[in-house]
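Working notes, structure below.
Quick note: numbers below take in every heavy atom, side chains included, and nothing from hydrogens, waters or symmetry partners. Predicted model, so just to flag it, every value in this text is computed and none were measured.
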Amino acid sequence: MGSVLERIQSPRDLESLSLEELDTLAAEIRERLCEVVNLNGGHLASNLGVVELTLALHRVFDFLVDRIVWDVSHQTYAHKILTGRNELFSRLRQYDGCCGFNSKDESPYDLFDAGHAGTSLSAGLGIAVAQEVQQRKGRTVVVVGDASIAAGMVFEAMNHTGDRQQDLLVILNDNRMSIDHSVGGLAKYLNRIRSGSLYRGFKRDVQVVLPRIPVVGKPFEEALEHVHELVHNALVPGQVFEDIGFRYFGPVDGHDLPELIDTVDNLRTMRGPVLLHILTNKGHGFPPAQADPIKYHASKGFLASKGPKEPPTVKPAAAPRTTTFSDAFGAAMVRLGESDPQVHAITAAMPGGTGLSAFQKQFPDRYYDVGIAEQHGTTFSSGLAFGGLKPVFAVYSTFLQRGYDQVVHDVCIQRNRVVFCIDRAGLVEDGPTHHGVFDIAYLRAIPNISLASPADAAELEEMLRLAVDRGESSAIRYSKIAVPDLDRDADRTPVEWGRGEVVRAARDITILAYGAMVDIALRAAQQLEDDHDIAVGVVNMRFAKPLDRSLLSELAEGGRTFITLEEHAARGGFGSAVLEAFHEHDLAFHKLHVWGIPDEFVGFGSRDRLLADLQLDSPGIAARVRQIAERPTVESEPARS
């Protein structure tokens with residue numbers, strides 16, 4: 001008869017399935033998830049944990065009429081498979097394939113191109129209000145995790161929703177995890193709900209029996225209401241949500257499909273804000289992921305090959321693990337912590353991703369995980385600095401955007417020294433919601449902060465050591481790439497704050513490169529020399545603010561053609577800073593080209609492929625430089641300049 005999954009072309013195909021067939025479908029979806037993620041990489045454990053929830057929601061609702069908003073949306077793989085994208089799913093996270101997050105371009109079932117935590121309830125409330133104002137049918141459903149629900153923006157939205165008493169169904173998917181273990185007071189509160197036994201024993205008495213007791217006279221009615229409230233508060237969990245204005249139901253087993261379907265169906269038409277608390281296991285159905293959900297949060301190549309067995313051979317020694325900038329930062333932080341007890345580390349739910357796990361283990365009293373709360377983490381760091389400590393806030397570029405007002409108001413205006421170590425700066429696989437290509441622009445305009453970017457691991461550690469002892473805040477940006485071994489003309493120059501270094505002698509065409517682009521510029525220059533006998537200089541600028549103006553003045557004496565190179569938006573970034581400096585100081589140049597990310601949101605795919613598309617990889621840079629060298633009088637820029 002074939003698999004059940006083969007019969008699913010749209011969510012409406014779920015209506016005719018028996019519960020037994022739905023259970024089979026759940027198993028087949030999990031097998032499909034493991035198969036595709038094993039080949040392409042992606043978020044595994046979180047998606048395995050919401051298969052039953054996704055089936056229940058699509059069985060009960062019609063999300064072409066109703067609306068569903070997924071927080072972060074990294075757990076929507078089953079949703080994609082059920083909404084006509086099973087074939088496309090084979091190319092998950094591949095260039096021009098299936099996005100690893102929601103994508104409006106892929107399907108009408110995806111409402112937001114989400115990728116950041118804590119945004120779902122605000123968006124869902126806005127959608128629900130619009131539906132009501134325009135008298136459109138349909139229910140709005142929001143799915144949010146136990147880590148995301150602790151984000152400040154969710155509390156703001158809950159406060160607004162409870163005040164409006166808007167019709168809205170919020171599903172709290174409680175698996176005790178984000179990428180790492182959930183932290184904070186709310187996480188502890190939810191844990192008490194999970195482990196509470198009284199509620200399970202008295203649920204029927206409190207929610208069903210007491211309201212049905214007949215009343216005799218007004219005094220008895222008032223007394224009964226008082227008793228009802230006392231018992232309800234004592235035995236029913238979720239009182240925090242009830243006090244805000246939500247009707248709380250749960251906790252419900254998020255892997256009990258019949259109960260989930262029945263519960264969701266019962267809540268479907270309930271008026272006002274409703275919160276359904278479900279308990280799920282990250283990695284459910286795949287024992288390795290369930291046993292280690294942190295390791296299998298994002299995975300690849302974890303399944304044994306199903307190909308024919310080959311004769312045993314002597315395996316060559318495994319290549320050493322590549323050291324990334326995140327690894328280099330983590331190691332540098334441990335050494336810095338050993339030498340300076342005033343250094344404290346802060347992360348927003350990303351200890352492993354930012355490289356702080358070793359620091360956390362060695363210095364637990366100087367390590368703080370603030371949860372998914374970059375705004376709080378920024379201002380908290382400012383408070384640490386005010387108190388005389390040396391805070392280092394490790395945060396992804398795309399997530400620091402969420403703390404922008406705090407950087408301005410609570411750090412820089414206050415002149416409290418915070419070191420922001422900005423990971424994932426540049427292009428990443430996950431697309432426009434995660435590309436870190438705006439941090440130079442959004443930080444450069446703020447007074448009392450310096451901007452640096454290392455070209456190798458030694459520079460990163462030197463910048464970090466200098467930054468923690470400076471009198472103002474600093475931001476050090478770096479990509480999640482293998483740390484390169486730079487091919488310099490001469491011995492490296494130790495980092496001096498605000499100074500760059502010439503790594504390949506300046507020529508008529510000289511590239512002013514920033515951060516991760518130094519290695520690419522050097523490889524392009526070598527290619528031009530080897531293949532076309534074109535000599536190109538390369539300067540490792542190291543700082544976007546303050547710029548090394550004395551070095552720029554020295555280089556400008558030759559009236560050269562300059563190219564600025566950055567893995568960042570060209571508008572407002574490092575190249576813009578150089579243009580401003582040349583104008584302000586009336587420096588001479590023949591031409592100055594600003595090369596970076598164009599004024600558009602770049603899609604998803606491997607970093608190498610995206611850089612190639614933008615002609616920002618070494619062959620692309622070489623081709624563009626060759627065009628300039630061979631036609632120096634051409635006025636127009638290449639397409640991507």
[X] side, atom [atom1]; [Y] side, atom [atom2] - distance, nearest 0.5 Å:
X      : Y      : atom1 : atom2 : answer
Asn102 : Trp70  : CG    : CH2   : 8.5 Å
Met333 : Arg366 : CE    : CZ    : 8.5 Å
Glu52  : Arg59  : CD    : CZ    : 14.0 Å
Leu257 : Ile261 : CG    : CD1   : 4.0 Å
Lys137 : Asp62  : NZ    : CG    : 11.5 Å
Thr280 : Asp146 : OG1   : CG    : 8.0 Å

Would Phe604 and Asp430 count as a side chain to side chain contact (heavy atoms under 4.5 Å, CB included) if you check the C-alpha gap in whole Å, the side-chain angles of each, and the deciding distance to 0.1 Å? CA-CA 5 Å; Phe604 60 94; Asp430 288 322; 6.0 Å; no
Does atom [atom1] ([X]) have a neighbourhood of more than 12 heavy atoms from anything else shown, all under 6.0 Å?
X      : atom1 : answer
Tyr95  : OH    : yes
Arg247 : CZ    : no
Arg12  : CZ    : yes
Glu15  : CD    : yes

May I ask you to decide if [Y]'s main-chain N or O and [X]'s side chain share a donor-acceptor pair within less than 3.5 Å?
X      : Y      : result
Arg136 : Ala130 : no
Asn38  : Cys34  : no
Thr378 : Glu374 : yes
Arg139 : Met270 : yes
Thr76  : Ser73  : yes
Gln94  : Gly605 : no
Asp256 : Glu259 : yes
Ser107 : Tyr109 : yes
Glu21  : Ser18  : yes
Glu106 : Ser103 : no

If we ignore angles and hydrogens, is there a donor and acceptor under 3.5 Å between the side chains of [X] and [Y]?
X      : Y      : answer
Asp423 : Ser326 : yes
Asp327 : Thr324 : yes
Arg32  : Ser90  : yes
Asp439 : Ser397 : yes

Which residues pass the side chain to side chain contact (heavy atoms under 4.5 Å, CB included) test with Ile8, sequence neighbours left out? Asp13, Leu14, Leu17, Leu25, Leu82
Kindly write out the residues that satisfy side chain to side chain contact (heavy atoms under 4.5 Å, CB included) with Glu429, not counting sequence neighbours, or none if the list is empty. Arg93
So that I know where these two stand, are Phe61 and Phe63 an aromatic pair - ring centroids less than 6.0 Å apart? yes
Is the centre of the His43 ring less than 6.0 Å from the centre of the Phe101 ring? yes
Which residue pairs satisfy the side-chain hydrogen bond (donor to acceptor under 3.5 Å, both in side chains) criterion with at least one member in residues 110-131, sequence neighbours excluded? Asp71-Ser120, His79-Asp110, Arg85-Asp110, His116-Thr398
His344/Tyr368 under ring pair (Phe, Tyr, Trp, His ring centres under 6.0 Å): CA gap, chis, key distance, verdict: CA-CA 8 Å; His344 288 235; Tyr368 312 92; 5.7 Å; yes
Do Thr347 and Asp369 pass the side chain to side chain donor-acceptor pair (under 3.5 Å) test, and can you show the C-alpha distance, the side-chain angles, and the key distance before you say yes or no? CA-CA 5 Å; Thr347 181; Asp369 186 342; 5.3 Å; no
The test is side chain to side chain contact (heavy atoms under 4.5 Å, CB included); show your working for Phe249 and Leu275 and say whether it passes. CA-CA 6 Å; Phe249 294 87; Leu275 188 142; over 6 Å; no
If you apply the rule side chain to side chain contact (heavy atoms under 4.5 Å, CB included), what do you find for Arg402 with Ile372, and how did you get there? CA-CA 10 Å; Arg402 299 152 66 92; Ile372 303 175; 4.0 Å; yes
Return the orientation label for the Tyr248 and His277 ring planes: parallel under 30°, perpendicular over 60°, tilted otherwise. perpendicular
Parallel under 30°, tilted from 30 to 60°, perpendicular over 60°: which one fits the rings of Phe359 and Phe363? tilted
Lys/Arg-Asp/Glu bridge criterion (N-O < 4.0 Å) met for Asp167, Arg271: yes
